Structures are given as C-alpha cells and as structure tokens.
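What follows is one structure encoded as structure tokens, with my remarks underneath.
Positions are given from 1 along the sequence. Note that these values count all heavy atoms, side chains included, but never hydrogens, waters or copies made by symmetry. The structure displayed is predicted, hence computed values, not measured ones.
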Amino acid sequence: AGGNGREGSVASVRRMPVAIKNKDEAAQMVSKLGSQRINNIFTHLRKICQHPLLVRHHFNDDKVKEIAELASANKLFGGNCTVPRVLQEISGYNDFQLHNFCHTYPTLLGQYLLPPTCLMASGKL
C-alpha cells in the first residue's frame with residue numbers, strides 16, 4: 001500500500017472565501033477554477049458525506065506520528081524501517097486504513113482504534 005500523495009489531506013487544501021451571489025459570479029468561479037476542478041471538488045465532498053472514513057479526519061498528524069513511532073520501534077514494517085519511512089507510508093492512509101492497521105496490532109495500537117460510532121457513521125453499510 002503505497003502513499004497516494006495525500007490527495008485529500010489538510011495540507012493540500014487551499015481556503016477560498018466563497019460568497020457567490022449571482023450567475024455571473026458563479027460563471028467567474030467556474031472559469032477561474034475550471035469545471036473539471038469543480039467536479040472533482042464535489043465528487044470529493046460526496047465521498048466524504050457517504051464514506052467519511054475514506055478520508056483522514058479522526059487521526060490527526062500527532063496521532064499518526066505516535067503510531068509511526070510505535071510501529072517502527074516494534075518493527076511492524078520490518079527491522080530496518082525508520083520512523084520517517086513508516087510515517088511517510090502511513091501518512092497516506094485514510095481513517096479506515098489506520099483503524100484497520102491498529103486493529104491488526106490491538107495490544108500495541110488498540111488505544112488508537114476508532115469507536116464503533118465512527119465506524120457506523122458511513123452512509124452505506
């Protein structure tokens with residue numbers, strides 16, 4: 001499972017003040033961002049609404065770093081794997097992947113498991 005460039009990460013989000021009041025402003029926004037980019041944004045928003053665990057929201061960067069340190073110290077990615085390399089790998093994981101990884105090593109990473117309410121929040125069960 002390789003990293004995906006953190007496509008949906010907080011680090012890649014640019015905030016834009018948006019207050020579209022009429023069709024002209026909407027057309028201007030489409031021309032500025034491009035219709036494909038807007039379609040991608042709405043697709044990503046639908047994904048978040050329907051499958052909230054397929055993005056990383058519950059595991060912040062500090063938790064991911066703690067998990068990486070434990071994984072490296074306990075050689076979960078092999079004996080020669082360093083903390084930065086493990087961090088690079090799991091930083092691309094979404095909430096569901098991180099939860100499953102922690103579930104695989106419950107005695108070591110059980111404290112990071114998501115509560116059942118988070119797991120049941122998906123729109124499609």
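To the nearest 0.5 Å, atoms CD1 (Ile38) and OG1 (Thr43) are separated by 11.5 Å. In this structure, NE2 in His58 is found 11.5 Å from CG in Leu98, a value given to the nearest 0.5 Å. The structure places CG of Leu108 at 5.5 Å from CG of Leu76, a figure rounded to the nearest 0.5 Å. The CD1 atom of Ile41 sits 10.5 Å away from atom CD of Gln36, with the distance rounded to the nearest 0.5 Å.
Leu113 and Tyr93 are assigned to two separate hydrophobic clusters, defined by single-linkage of ILVMFWY side chains at heavy-atom distances under 4.5 Å.
For Arg56 and Asp61, the salt-bridge test passes: some basic side-chain N is under 4.0 Å from an acidic carboxylate O.
Closest approach of Ser72 to Val86, counting heavy atoms only: CB-CG2, 4.1 Å. Of all the heavy atoms in Cys102 and Leu109, the pair that sits closest is CB-O, 3.6 Å. What you find for Leu53 and Cys118 is that their closest heavy atoms are CD1-O, 3.9 Å. Closest approach of Asp95 and His57 over heavy atoms only: OD2-N, 3.0 Å. Nearest heavy atoms, Cys81 versus Arg85: SG-CG, 3.6 Å.
At most 12 heavy atoms of other shown residues, nucleotides or ligands fall within 6.0 angstrom of atom CG in Asn80. Residue Phe96 places its CZ atom among 12 or fewer non-hydrogen atoms of other residues, nucleotides or ligands, all under 6.0 Å distant.
Ring to ring, Tyr105 and Tyr112 are not that close: their centroids are 6.0 angstrom or more apart.
Residues passing the side chain to side chain contact (heavy atoms under 4.5 Å, CB included) test with Pro84 are Thr82, sequence neighbours excluded.
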